[in-house]
Amino acid sequence: MFLTLQTNDKRPLYLQITDGIKSLIAGGELREGATLPSVRQVAGDLGVNLNTVAVAYRQLQDEGFVTVRHGAGAVIAARNPGRIDQSELLPPLRTVLTQFILAGLTNHEIEAAVRQQLSLLQQKGGAQ
Amino acid sequence: MTAPTEFEISVFSIIMIVSGFVYNFVKFEWNRPLRNGPGFYLGIAVPAGFYDGPGKIWLKGYRATLLMMHLALAVTLAVPLALRLWNWVPAWAGGSALLYVITLMTLHGWTRHKLGGNPPVCPVALSLETRRLGDYLSWPMEALMAAIIAVSWWLLLRSGDPHIDWLMPLMLTWIAPGFFVLKIAAIRSAAPLPLECAEKHYRYQEALRRNNIRVLNGCCWFIVTILFEVALMSACPSVRKTIWLFWLFVGAPWLFWGYYMFQIFRGERLTATLGRDLLPQGSFATPFRRDASLKMQRSYLIWFAVWIIPILVCSVYAVVR
């Protein structure tokens, strides 16, 4: 199972790691109970600072996607879709849609792009 | 059948070590720059037609350096052979291994500095498989090694032999646990995986990692069995009179030496076959700075210096005293 880091991605590295792991959880590739590699291992493999990875893991922990167990490391937590209020998710979606509109895409093209990304997520591992 | 003399053991040791060096030189080192195909020199991407122009000079320089290094090793070996200074042989073996590694590392570093200044940046993949020490190390075998070292010291201390040369057991005892740290470094070491063929790169790195652990295990067992042999000979001189037992203890370390060399050559073949179609490490850059790994490498380098300096000092002292 691999997490991809692109060359042209403008997001900070910790956010790329956080979003990548979330995407794998959403796609069902990382299931509840799966153990993530240690901060030291990830930092060593990527050749980045330990703190960068630690911040990413802490954010995942704060958002409830992973739990840190002493001796076992970071473990994927049970998914609880009811926990997050849908209204909290709408502002970032609106921001992305605004960018699409400002880029000159038609409604049809935006819908196609959203459908494509959604199916990409789902075909990786059967997101529920 | 009689017990081997110090001369015979030394000659046998030299033959074993030199044959390993020669095989490695002819089979792997001579053509190492060409291993990744015509688009690469020592794993560094080079433009088309490189080997028709400057590549010829680079290749000649590489081979001349290798020949000079082997000539230096041959000359330094000829001296103790001519003067029959058999206590120089272990120091020569350790020194030549160090010279070999340092020369090749310097050559690679210098070539990368000159030819591979700005490698292309490519997207990378991160494997989320966890690597635990227990997945690579056998704890019972590690415990057995520690037990053999402890038993060796128990034998040495209870022998009461006033003629024991304490320098060798002390040095061997210092060397052996160092391999444990080297194994941890080997397990933790990894390079970013290019997005293209990430799975193949991962399997390649994993195969090499496991092979490196086997190499280090072979070398560590070689050292531990020598320590045990030295302790046993000091504590139980009667072993020398039982010829088959004597040969068994003299031969055991060399069995591990053979295993060690076999694993080194196996690793070379793995690199050649599994890594044939893959991007060589260092021929591309990652989208982010490589700073933390350097810090981690630095900590291992500091540890390595702390480990190797007393070994070198003891080796020189053993020769000059």
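Throughout, a chain's letter reflects where its sequence line sits, starting with A, and its residues are numbered from 1. Just so you know, these numbers use all the heavy atoms, side chains as well, and skip hydrogens, waters and symmetry mates.
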Measure distances from [X] to the heavy atoms of chain A and classify the residue's part below 4.5 Å as side chain, backbone, both or neither.
| X | result |
| --- | --- |
| B/Gln205 | neither |
| B/Leu193 | side chain |
| B/Leu128 | both |

Do the side chains of B/Glu206 and B/Arg131 get close enough for a salt bridge, i.e. N-O under 4.0 angstrom?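 Looking at B/Arg131 together with B/Glu206, the answer is no, because their closest N to O distance does not fall below 4.0 Å.
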Between B/Glu268 and B/Arg35, does at least one N-O distance fall below 4.0 Å, as a salt bridge requires?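 Salt bridge: yes.
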Where does A/Leu5 contact chain B at under 4.5 Å (heavy atoms): side chain, backbone, both or neither?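 Both backbone and side chain.
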What part of A/Leu30 is in contact with chain B, defined as an atom under 4.5 angstrom from a non-hydrogen atom: side chain, backbone, both or neither?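 Only the side chain of A/Leu30 comes within 4.5 Å of chain B.
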Leading residue by heavy atom contact count with chain A [cutoff under 4.5 Å; candidates B/Ile187, B/Val121, B/Thr130]: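 Winner by heavy-atom pair count: B/Thr130.
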ring-ring contact (aromatic ring centres under 6.0 Å, His included) partners for B/Phe40, two or more places apart: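 B/Phe40: no ring-ring contact (aromatic ring centres under 6.0 Å, His included) contacts found.
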Would you call the rings of B/Tyr51 and B/Tyr41 parallel, tilted or perpendicular, taking 30° and 60° as the class edges?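 Taking B/Tyr41 first and then B/Tyr51, their aromatic rings sit tilted (interplane angle of 30° to 60°).
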Grab the two heavy atoms, one from A/Gln6 and one from B/Pro123, that are nearest each other, plus how far apart they are.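 So the minimum-distance heavy-atom pair works out to OE1-CB, 3.5 Å.
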